[in-house]
Participant: 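A single structure is presented below for examination.
Chain identifiers are assigned alphabetically (A, B, ...) following the order of the sequence lines, protein sequences preceding nucleic acid strands; residue numbering begins at 1 within each chain. We use all heavy atoms of the structure for the numbers below, so side chains are in, but hydrogens, waters and symmetry mates are not.
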Amino acid sequence: MALMIHNNLTNRKEEFVPIEPGKVKMYVCGVTVYDDIHMGHARSIIVFDVVNRYLRYKGYDVTFVTNFTDVDDKIINRANERGVKALDLSADYIRKYFEDVEKLGVRRADIYPQASTSMPYIIDMVKEIVDRGYGYAARDGSVYFRVRKIPDYGILSNRSIEEMRSSGRLEPNEDKEDPMDFAVWKGVKPGEVSWESPWGEGRPGWHIECSAMIRHYLGDEIDIHGGGNDLIFPHHENEILQTEACTGTHLARYWMHNGMLETKGSDGKTVKMSKSLKNFFKVEDVARKFDRFTIRFYYLNTHYSSPLAYGEDNMLEAQAALKRLWNNYRDLQACARDGPSGNGEEAAAAVEGARNGFVASMDDDFNTRAAIEALFDLARTTNRMLADRTLTAEGAKRVLGFLEEIDAVLGIFPEKEEGDGAFDDVMGILVDLRKELRKRKQYDLADMIRDRLSEAGYIIEDSADGAKWKKI
RNA sequence: GUCGGGGUAACACAGUGGCUAUGUGGCGGACUGCAGAUCCGCAUAUGGGGGUUCGAUUCCCUCCCCCGACUCCA
């Protein structure tokens, strides 16, 4: 099956064909590290984590790069407010980022470049832009990009220069040849971190770091470039210009953008979650209430490109839905341990159907929502088999094997635990003991054992033909 | 204003030119000493108006509403 990706460059769903067969170079815009990450960032991080994981599931050799913007106005301002060095502040938030991302069950990217440590590549690229006539130095030591020199301007966001001029939002700037031009290098101002450059002391413009890092770490042209859809303009548009000025390529073959996370305001309307509106939920706070599996499930239960309104009710609903999958998972584990023996063939069709559903959905522009539906179908089917007692231990193992296989992509099932034969034997004795007590109608004792085990983290579920136990 | 994305049952959220998804919640059954889990069944839907079609929720046009981008932003 072919993987299809909705490419924002063409606004069409296209078959994914990597530049180099079997290999994928992917870059996703990371965060500006001047504060803790919030649930909106978490969405982007988890979405592209799953893209990364699915590409690997498909057998691609993926190089995944995501950056930290650690040189920026907001960082400098906040550092000055707090009386600390800008790079110390950003270093703290980078450390915090990894702590938070840990709570989201995210697989690490291969490389996490930072603007501050990529300065040689950035300066080289600015130099090349100037040398090729696409950039010019202004009196204040800044370097601006000649937007009009690249006819492709607007290719990603479907804008024309004329439209933008007529929007009337451009402020004239005497240093610029054209008000549309943007800074690739900013001359230093008092109280700012800066680096030496051919244009004097200064620091990079916002867009240049991504172009430079991509070029240095991944090459002139990459397969997938991702980020939030709020970055399409101007950030990604300008990245394209900068790279095109140097290499003549479009920078990336496929552009993917996740939808914004929103919250419901007091007026009932939804609004984008953002730091400036102060309507965000920090990852660390949400992670105190909900585990990584629930948070991931919540995001993956919607297509990545759709807008999504966050609310605690929605998280609770995700928790309830995921519990259904987990109950089934635990029951399968119990069956794999204590179920009847056989060859496991009875589970083959269900597993095959689920795998086909999963792969077909994920191949269709990473439709995790539809993929999850395949999992619910599988759960219903296997629950029925468990109730019928037609599922054997071997069959249950097959299903579990499949779930572990696809969980390498989704990351929504609990970590696999090593079985302990001796412990299982002891639990078996307790289950038998309760069976005998129940037969003698000594329910108070039977219930006491059940309650105590429950307190200890083990659930016993009685049914007509015996009991089963599982860890919570 | 320009560009992009949406409007689906109580809620959340998918897919599809005819077979009507999935989950949460609700209702009714089954199972059951109780608890829990599970199974079976039921109900409620495709923003408004046109058009194409034998047939549209799905395609086209138009209108309305919502969100985002155009300023830092995942």
Participant: Any side-chain N or O of Lys272(A) less than 4.0 Å from the OP1 or OP2 oxygen of A69(B)?
Facilitator: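 Checking A69(B) against Lys272(A), a side-chain N or O does come within under 4.0 Å of OP1 or OP2.
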Participant: Looking for any heavy atom pair under 4.0 Å, which part of the strands does Arg380(A) touch: base, sugar-phosphate only, or nothing?
Facilitator: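 Sugar-phosphate contact only - Arg380(A) comes under 4.0 Å of backbone atoms but never of a base.
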Participant: Rounded to whole Å, how long is the line connecting atom CG of Leu261(A) with atom P of A74(B)?
Facilitator: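 Spelled out: CG on Leu261(A) to P on A74(B) is 13 Å.
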Participant: Can you identify which nucleotide, out of G4(B), A74(B), A37(B), has its nearest atom closest to the Val31(A) side chain?
Facilitator: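 Nearest to the side-chain atoms of Val31(A), counting from C-beta on, is A74(B).
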Participant: Would you say Ser463(A) reaches A37(B)'s phosphate, i.e. side-chain N/O to OP1/OP2 under 4.0 Å?
Facilitator: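 Answer is no, no contact under 4.0 Å.
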Participant: State whether Lys282(A) and Asp100(A) are salt-bridged, where the test is any N-O pair (Lys NZ or Arg NE/NH1/NH2 against Asp/Glu carboxylate O) under 4.0 Å.
Facilitator: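 Salt bridge: no.
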Participant: Does the structure show a Watson-Crick or G-U wobble partner for G4(B), both distances under 3.5 Å? Name it, or say none.
Facilitator: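 Its partner is C67(B).
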Participant: Within the 4.0 Å heavy-atom criterion, would you say His257(A) contacts the bases, only the backbone, or no part of the nucleic acid?
Facilitator: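 Touches nothing.
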Participant: Say we look at C67(B) and U24(B): how far apart would their P atoms be, to the nearest angstrom?
Facilitator: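 Comparing P positions in C67(B) and U24(B) gives a spacing of 30 Å.
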Participant: Report the nucleotide, chosen from A37(B), G4(B), C13(B), that has the shortest atom-to-atom distance to any side-chain atom of Leu308(A).
Facilitator: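 Closest nucleotide among those given: C13(B).
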Participant: From C-beta outward on Ala321(A), which listed nucleotide comes closest to its side chain: G36(B), G23(B), A74(B)?
Facilitator: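 Output: G23(B).
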Participant: Answer yes or no: are there more than 12 heavy-atom neighbours, outside Glu177(A) itself, under 6.0 Å from its atom CD?
Facilitator: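 Enclosed.
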Participant: Once you apply a heavy-atom cut-off of 4.0 Å, does Thr32(A) come out as touching a base, just sugar-phosphate, or nothing?
Facilitator: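 Answer is sugar-phosphate: Thr32(A) comes under 4.0 Å of backbone atoms only.
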Participant: Is there ring stacking between Phe376(A) and G23(B), where the centres must be under 5.5 angstrom apart and the planes under 30 degrees?
Facilitator: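 Aromatic stack with G23(B) absent for Phe376(A).
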Participant: Please name the nucleotide paired to C59(B) by Watson-Crick or G-U wobble geometry with both distances under 3.5 Å, or report none.
Facilitator: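 Across any shown strand, C59(B) pairs with G51(B).
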Participant: Would you classify Phe233(A) as touching base, sugar-phosphate or nothing, given that sugar-phosphate means primed atoms plus P, OP1 and OP2, and contacts are heavy atoms under 4.0 Å?
Facilitator: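 The answer is sugar-phosphate, as Phe233(A) gets under 4.0 Å only of primed atoms, P, OP1 or OP2.
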Participant: Please report, rounded to the nearest Å, how far the P atom of A30(B) is from the CG atom of Asp388(A).
Facilitator: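 Interatomic distance, CG of Asp388(A) to P of A30(B): 18 Å.
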Participant: So, is Ser306(A) near the phosphate of A14(B), with a side-chain N or O under 4.0 Å from OP1 or OP2?
Facilitator: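 Ser306(A) to A14(B) OP1/OP2: side-chain N or O found under 4.0 Å.
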Participant: When we call it a touch if two heavy atoms are under 4.0 Å apart, what does Asp364(A) touch: a base, just sugar-phosphate, or nothing?
Facilitator: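 No contact.
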Participant: With a 4.0 Å cut-off on heavy atoms, is Gly227(A) in touch with a base, just the backbone sugar-phosphate, or nothing at all?
Facilitator: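 Here Gly227(A) touches the backbone only, sparing every base.
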Participant: Under 3.5 Å, is there any donor-acceptor pair linking the side chain of Arg450(A) to the base of G36(B)?
Facilitator: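 In this structure, the two groups form no donor-acceptor pair.
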Participant: Looking only at atom C1', what distance separates U44(B) and G36(B), rounded to whole Å?
Facilitator: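 29 Å, rounded to whole Å.
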Participant: Just how far, in rounded Å, is C1' of U32(B) from CD1 of Ile460(A)?
Facilitator: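 After rounding, the gap between these two atoms is 16 Å.
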Participant: Has the side chain of Arg330(A) got a donor or acceptor that lies under 3.5 Å from a partner of the other kind on the base of A37(B)?
Facilitator: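 In this structure, the two groups form no donor-acceptor pair.
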Participant: Reckon Asn229(A) has a side-chain N or O less than 4.0 Å from the OP1 or OP2 of G5(B)?
Facilitator: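 So the side chain of Asn229(A) is outside the cut-off, no N or O lying under 4.0 Å from OP1 or OP2 of G5(B).
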Participant: Could you tell me if Glu346(A) and Thr392(A) have a donor-acceptor pair between their side chains, going purely by distance under 3.5 Å?
Facilitator: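 Their side chains do contain a donor-acceptor pair, which is all the 3.5 Å distance test asks for.
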Participant: Does a distance-only test, which skips hydrogens and angles, find a donor-acceptor pair under 3.5 Å between the side chain of Asp447(A) and the base of G33(B)?
Facilitator: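 Yes, the side chain and the base share a sub-3.5 Å donor-acceptor pair.
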Participant: Charged N to carboxylate O under 4.0 angstrom, Lys470(A) versus Asp331(A)?
Facilitator: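 A salt bridge is present here (some side-chain N lies under 4.0 Å from a carboxylate O).
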Participant: Evaluate the side-chain proximity of Val409(A) to Phe358(A): yes if any heavy-atom separation is below 4.5 Å, no if none is.
Facilitator: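 SC-SC contact between Phe358(A) and Val409(A) confirmed.
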Participant: Return the nearest nucleotide to the side chain of Pro307(A); candidates are G5(B), A14(B), A37(B).
Facilitator: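 Nearest nucleotide to the side chain: G5(B).
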Participant: Which of parallel (below 30°), tilted (30 to 60°) and perpendicular (above 60°) describes Tyr310(A) and Phe281(A)?
Facilitator: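 Plane angle between 30° and 60°, so tilted.
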Participant: By nearest nucleotide on RNA chain B, pick out whichever of Asn11(A) and Arg159(A) is the more 5' one.
Facilitator: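 Its nucleotide being nearer the 5' end, the pick is Asn11(A).
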Participant: For Ile372(A), report the nucleic acid contact type (base, sugar-phosphate, nothing); a contact means any heavy atom under 4.0 Å.
Facilitator: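 Here Ile372(A) touches no strand at all.
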Participant: Between C60(B) and A21(B), how far apart are the P atoms? Round to whole Å, please.
Facilitator: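 To the nearest whole Å, 25 Å.
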Participant: Which listed nucleotide (G15(B), A37(B), A74(B)) is nearest to the side chain of Asn367(A)?
Facilitator: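 Closest of the options to the side chain of Asn367(A): G15(B).
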Participant: If you measure from the P atom in U22(B) to the same atom in C39(B), how many Å do you get, rounded?
Facilitator: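 Result for the P pair: 12 Å, nearest Å.
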Participant: Provide the Watson-Crick or G-U wobble partner of C27(B), both distances under 3.5 Å; none if there is no partner.
Facilitator: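 Its partner is G41(B).
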Participant: If you look at every strand shown and take non-hydrogen atoms under 4.0 Å, does Leu231(A) touch a base, only sugar-phosphate, or nothing?
Facilitator: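 Answer is sugar-phosphate: Leu231(A) comes under 4.0 Å of backbone atoms only.
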Participant: At under 4.0 Å between heavy atoms, what does Glu262(A) touch on the DNA or RNA strands: base, sugar-phosphate, or nothing?
Facilitator: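 Sugar-phosphate only.
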Participant: Does the side chain of Ser157(A) come under 3.5 Å of the side chain of Glu237(A) through a donor N or O and an acceptor N or O?
Facilitator: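 There is such a pair (donor and acceptor under 3.5 Å, judged by atom type) between the side chains of Ser157(A) and Glu237(A).
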Participant: Round to the nearest Å and state the distance from Leu322(A) atom CG to U24(B) atom C1'.
Facilitator: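 For the pair Leu322(A) CG and U24(B) C1', the rounded distance is 13 Å.
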Participant: How is Asp462(A) classified with respect to the nucleic acid when contacts are heavy atoms under 4.0 Å: base, sugar-phosphate, or nothing?
Facilitator: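 Base contact.
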Participant: Look at the side chain of Asp230(A) and decide which nucleotide, out of G23(B), A74(B), A14(B), has an atom nearest to it.
Facilitator: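 Selected nucleotide: A74(B).
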Participant: Kindly say whether, by distance alone, the side chain of Arg384(A) makes a donor-acceptor pair under 3.5 Å with the base of C40(B)?
Facilitator: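 No pair found.
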Participant: Scan Val271(A) against the nucleic acid and name what it touches under 4.0 Å (heavy atoms): base, sugar-phosphate only, or nothing.
Facilitator: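 Val271(A): backbone/sugar contact only, no base atoms under 4.0 Å.
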Participant: Which comes earlier along RNA chain B counting from the 5' end, the contact point of Thr302(A) or that of His6(A), where each point is its nearest nucleotide?
Facilitator: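 This one resolves to His6(A).
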Participant: Salt bridge check: are Arg148(A) and Asp178(A) linked by an N-O gap of less than 4.0 Å?
Facilitator: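 Asp178(A) and Arg148(A): salt-bridged.
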Participant: For the side chain of Arg434(A), counting heavy atoms from C-beta on, which of A74(B), G33(B), A21(B) is nearest?
Facilitator: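 Nearest to the side-chain atoms of Arg434(A), counting from C-beta on, is G33(B).
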Participant: Base, sugar-phosphate, or nothing for Gly226(A), non-hydrogen atoms under 4.0 angstrom?
Facilitator: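 No contact.
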Participant: For the P atoms, the ones on U57(B) and on G17(B), what distance do you get once it is rounded to whole angstrom?
Facilitator: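 Looking at atom P only, U57(B) and G17(B) are 13 Å apart.
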Participant: May I ask you to verify if any side-chain N or O of Arg369(A) is less than 4.0 angstrom from the OP1 or OP2 atom of A21(B)?
Facilitator: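 So the side chain of Arg369(A) is outside the cut-off, no N or O lying under 4.0 Å from OP1 or OP2 of A21(B).
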Participant: Using OP1 and OP2 only, check whether a side-chain N or O of Asn327(A) sits under 4.0 Å from G36(B).
Facilitator: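 For Asn327(A), the contact criterion (side-chain N or O under 4.0 Å from OP1 or OP2 of G36(B)) is not met.
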Participant: Is there a donor-acceptor contact under 3.5 Å linking the side chains of Thr294(A) and Asp291(A)?
Facilitator: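 A pair is found: one side chain offers a donor N or O, the other an acceptor, under 3.5 Å apart.
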